[in-house]
Amino acid sequence: MADDRNDPIRGEAGGTAPVPLSVLDLATVGAGGSSTESLEATTRIARLAEDRGFTRFWVAEHHSMPGVASSSPAVLLAHLAAHTRRIRLGSGGVMLPNHAPLVIAEQFGTLEALAPGRIDLGLGRAPGTDGATAAALRRTERLREGADDFPQQLAELTRFLDDDFPEGHRYARIHAVPGPVQGGTGGRPPIWLLGSSGFSAQLAGTLGLPFAFAHHFSASNTIPALELYRESFRPSEVLTEPYALIGASALAAEEEREARRQVLSGALAMLRLRTGRPGLVPAPEEAEAYAFSAAEREFVDGWLSNVIHGTPETVRDGLDELVKRTGAQELMITANAHTPAARVRSYALIADSYALPSAG
């Protein structure tokens with residue numbers, strides 16, 4: 001495995017993979033299971049990803065979703081840092097408008113102090129939930145304002161992380177701790193911008209930051225957003241040239257049918273979420289027996305067309321084609337399934353298909 005500390009952003013491809021591989025885990029909770037079981041699986045996947053040479057392991061911020069246990073990225077990342085040694089850990093992402101920038105600077109400053117050189121701070125401007133929950137989080141009904149102020153919030157967060165507000169600024173005497181004010185030569189987490197449209201793509205390019213695109217739920221926007229990022233890119237102290245990863249939904253199983261059963265569960269869960277009925281990820285048996293209406297079947301078929309699933313060889317070929325088609329410099333794989341064991345097994349099979357070395 002490459003030493004990720006040498007370059008906090010660019011990964012290194014392992015085995016026969018065309019680009020570096022990483023993991024986005026949502027800690028999905030299946031019907032009949034528990035959040036404890038789901039988070040235990042998340043920990044196992046992080047260890048597996050480290051042992052097999054994946055570049056980074058991210059968790060996402062979601063709220064009021066029974067089927068997702070990753071509502072508190074900073075807390076979960078602290079746990080994962082204690083159970084891993086080398087792999088980069090980060091947020092994919094923290095939804096910045098939900099939080100005061102100082103709070104995020106302190107949370108991720110703490111994580112950086114706990115796991116020096118291993119923390120990524122991925123930021124998004126969506127709420128990560130529905131409007132009512134976002135209002136409860138932010139204590140305001142003016143939700144659009146938070147998204148519109150994202151560039152200003154980002155600038156403020158960056159100032160807190162670097163401890164470099166100019167003299168006379170109202171926050172000049174406020175310091176995020178742990179942080180630079182305490183001395184030492186430690187760095188701070190690199191910032192990534194996340195997006196599913198062109199806004200963050202253009203902002204990331206203008207600021208010279210790495211960009212992560214949510215191809216797994218916004219596939220039609222992937223190539224336009226990546227093109228906009230590359231066209232908008234301006235070299236910075238962080239990057240001299242663009243660096244883009246994309247999130248890819250993929251699930252491998254020994255048999256095609258089992259992979260299909262697991263992803264159908266995820267598709268039904270997404271259908272219910274999109275129609276205002278969020279719940280636990282249904283069991284494969286429930287998903288197979290579900291009587292889809294014509295409109296529901298159209299949604300599910302469209303969703304599954306963007307989920308690379310099947311045998312390890314099928315998944316590998318699909319991921320290779322995705323890299324070729326998009327020009328992504330890194331793939332971040334997410335495997336949503338009803339069964340924790342299916343999530344763990346999928347990553348192991350994908351690692352095997354690319355002949356990734358095992359530390360064990």
Side-chain angles (χ1 to χ4, degrees), residues 24-43 45 58-80 90-101 103-104 107-108 121-150 153 194-197 199-200 212 214 216-218 247 249 263 265-283 286-287 290 296 299-300 303 307 334-340 343:
L24 170 65
D25 193 76
L26 301 184
T28 49
V29 183
S34 68
S35 56
T36 296
E37 293 171 350
S38 176
L39 292 170
E40 287 175 347
T42 294
T43 306
I45 295 168
W58 284 2
V59 297
E61 177 186 348
H62 291 289
H63 299 279
S64 193
M65 294 184 186
V68 176
S70 59
S71 59
S72 303
V75 176
L76 184 51
L77 290 171
H79 170 79
L80 296 174
S91 56
V94 164
M95 301 297 107
L96 184 55
N98 292 344
H99 312 277
V103 171
I104 300 305
Q107 288 178 350
F108 278 76
L121 175 51
L123 301 169
R125 68 186 189 107
T129 187
D130 61 272
T133 307
L137 283 165
R138 302 179 190 180
R139 310 298 296 172
T140 179
E141 300 293 337
R142 300 168 67 183
L143 301 181
R144 190 66 242 167
E145 184 178 87
D148 292 342
D149 288 347
F150 182 76
Q153 293 174 315
L194 281 58
S196 58
S197 64
F199 182 93
S200 291
H216 54 297
F217 65 80
S218 188
S249 184
V263 298
S265 293
L268 178 55
M270 183 55 62
L271 170 66
R272 288 171 171 170
L273 176 64
R274 292 286 178 88
T275 54
R277 300 172 291 155
L280 301 175
V281 178
E286 180 183 353
Y290 185 87
E296 289 175 334
F299 173 88
V300 166
W303 181 262
V307 179
T334 184
N336 296 328
H338 168 265
T339 311
R343 289 161 49 212

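Quick note: residue numbers are just sequence positions, from 1.
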For Ser249, all residues meeting side-chain hydrogen bond (donor to acceptor under 3.5 Å, both in side chains), sequence neighbours excluded: none
Ser265 side chain to Ala337 backbone, donor-acceptor under 3.5 Å: no
Cation-pi, Phe199 ring and Arg125 (6.0 angstrom, 45 degrees): yes
Test item: side-chain donor near acceptor, His79 and Thr43, under 3.5 Å: yes
Ser218: partners by side chain to side chain contact (heavy atoms under 4.5 Å, CB included), with sequence neighbours left out: Ser196, Phe213, Asn221
Val75: partners by side chain to side chain contact (heavy atoms under 4.5 Å, CB included), with sequence neighbours left out: Ser72
From Leu24, Leu39, Leu80, Val94, residue fulfilling side-chain contact (heavy atoms from CB on, under 4.5 Å) relative to Val59: Leu80
Set of residues satisfying side-chain hydrogen bond (donor to acceptor under 3.5 Å, both in side chains) with respect to Ser71, sequence neighbours excluded: none
Those residues that, when tested against Tyr290, pass ring pair (Phe, Tyr, Trp, His ring centres under 6.0 Å) (two or more places apart): Phe292
Partners meeting side-chain hydrogen bond (donor to acceptor under 3.5 Å, both in side chains) with Thr42 (sequence neighbours left out): Asp25, Arg343
Those residues that, when tested against Ala212, pass side chain to side chain contact (heavy atoms under 4.5 Å, CB included) (two or more places apart): Trp58, Trp192, Leu194, Leu245
Partners passing side chain to side chain contact (heavy atoms under 4.5 Å, CB included) against Pro101 (at least two apart in sequence or in another chain): Gln153, Glu156, Leu157, Phe160
side-chain hydrogen bond (donor to acceptor under 3.5 Å, both in side chains) involving Glu40 - partner list, sequence neighbours excluded: none
Steps toward side-chain contact (heavy atoms from CB on, under 4.5 Å) verdict (Phe108, Leu77): CA-CA 10 Å; Phe108 278 76; Leu77 290 171; 4.0 Å; yes
